[in-house]
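Below is one structure, written out as structure tokens, with a few remarks after it.
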Amino acid sequence: MTNTSTPQANNGRAWLALLLAGAFEIVYALSVAGSEAFTVLSWSISAIVFFLLTLYALSVALKTIDVGIGYAVWAGIGAVGSAIFGSVLFEQPLTLTQAFWLAVIIAGVIWLKLASSAKLQADESGLVAS
Amino acid sequence: MISWLYLGVAVLFEISVAFSAGNAQGFTRLWWTVATLVSGAIATFFLSLALLEFDVGVGYSIWTSVAGVGIVILGAIFFQERLNLRKLSGIAMVIGGVIGLRLSGAA
């Protein structure tokens, strides 16, 4: 909003922060699961640390990315990652149906990345004063 | 029935998390940062109460999808975030995918 450096560079950094936030969200979700309602100390500490990290990185990303897009991507990465790593940790192989939905989420995230870049280019050229 | 109320409260605070995190500007604004963390803790707490009753797959997908839709609508109304078919279709794909994944039994 008040950024003065180039929108493209900001956009790249913001998406990097969003991917990082998604990665932290995965660790947070797995830690919450492992903490068994916060009765296991090590996993509980990990959950709290990654709760702070994921929200910090999300906040950095949302400086540039629309909150509707940012939230959907963040939650999507969290869902994909916790499904994949959860299935590995708990030794439950993913079914074909689950793999299909993972692919839908990943395609949606890529689609949003493309839509977000197009928006910034339009803003840059048009310098909309709204 | 009370678990639907818990879930509704968890959704409201999740929406608050998203907007507070956006306004916290990378945790450089103190009160928005406090709002982000407090909302996140309250949302997590009420979600955990709701999940005592709901299956985690169903509860989590309702939580994420209602919050995601609410954020898009409120963002358009209060923050003039322009919506177009590309953005809406992308958000629908991700939210739909999360619902499908959760209902198919993963995580």
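The chains referred to below are lettered A, B, ... by the order of the sequence lines, with proteins before strands, and numbering in each begins at 1. Note that this is a predicted model, so its numbers are computed, not measured.
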For [X] and [Y], which heavy atoms make the closest approach, and how far apart are they?
{"X": "A/L62", "Y": "B/A18", "result": "CD1-O, 3.5 Å"}
{"X": "A/L112", "Y": "B/K87", "result": "CD2-O, 3.6 Å"}
{"X": "B/Q25", "Y": "A/K63", "result": "O-CE, 3.2 Å"}
{"X": "A/Q98", "Y": "B/L101", "result": "O-CD1, 3.6 Å"}
{"X": "A/W111", "Y": "B/S89", "result": "NE1-OG, 2.9 Å"}
{"X": "A/S59", "Y": "B/G26", "result": "OG-N, 2.8 Å"}

Next on the checklist: Looking only at heavy atoms and a cut-off of under 4.5 Å, which of B/G40, B/S20, B/S65 has the most pairs with chain A?
Outcome noted: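 Top count of heavy-atom pairs under 4.5 Å with chain A: B/G40.
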Checklist entry - Residues of residues 90-98 of chain B under 4.5 Å from chain A (heavy atom pairs)? => result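 The list, in residue order, reads B/G90, B/I91, B/M93, B/V94, B/G96, B/G97, B/V98.
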Item to check | Stepwise side chain to side chain contact (heavy atoms under 4.5 Å, CB included) test for B/F27 and A/L55 | outcome: CA-CA 9 Å; B/F27 284 4; A/L55 289 178; 4.0 Å; yes
Verify the cluster assignment for [X] and [Y]: are they in a single hydrophobic cluster under the rule of side-chain heavy atoms below 4.5 Å apart?
{"X": "A/L20", "Y": "A/I106", "value": "yes"}
{"X": "B/L85", "Y": "A/V109", "value": "no"}
{"X": "A/I45", "Y": "A/V32", "value": "yes"}
{"X": "B/F78", "Y": "B/V17", "value": "yes"}
{"X": "B/F19", "Y": "B/I77", "value": "yes"}

Proximity breakdown for [X] and chain B, heavy-atom pairs closer than 4.5 Å:
{"X": "A/F100", "result": "neither"}
{"X": "A/Y71", "result": "side chain"}
{"X": "A/A103", "result": "neither"}
{"X": "A/I48", "result": "neither"}

Next on the checklist: Around atom OH of A/Y56, are there more than 12 heavy atoms from other residues, nucleotides or ligands closer than 6.0 Å?
Outcome noted: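 Atom OH in A/Y56 is not packed in, count stays at 12 or less.
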Item to check | Residues clustered with B/I42, ILVMFWY side-chain links under 4.5 angstrom | outcome: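 Joined to B/I42, directly or through intermediates: B/I2, B/L5, B/Y6, B/V9, B/F13, B/L30, B/W31, B/V34, B/V38, B/F45, B/F46, B/L49, B/L52.
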Next on the checklist: Does any backbone or side-chain atom of B/T36 lie under 4.5 Å from a heavy atom of chain A? Answer side chain, backbone, both or neither.
Outcome noted: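 Both backbone and side chain.
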Next on the checklist: Nearest 0.5 angstrom please: A/L52 CG to B/L37 CG, how far?
Outcome noted: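 One gets 6.0 Å once the value is rounded to the nearest 0.5 Å.
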Going by atom type alone, with no hydrogens or angles, which donor-acceptor pairs under 3.5 Å involve a side-chain atom of residues 66-76 of chain B and a protein atom two or more places apart or on another chain?
none

Checklist entry - Residues in side chain to side chain donor-acceptor pair (under 3.5 Å) with A/S46, at least two apart? => result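 Expected list: A/S31.
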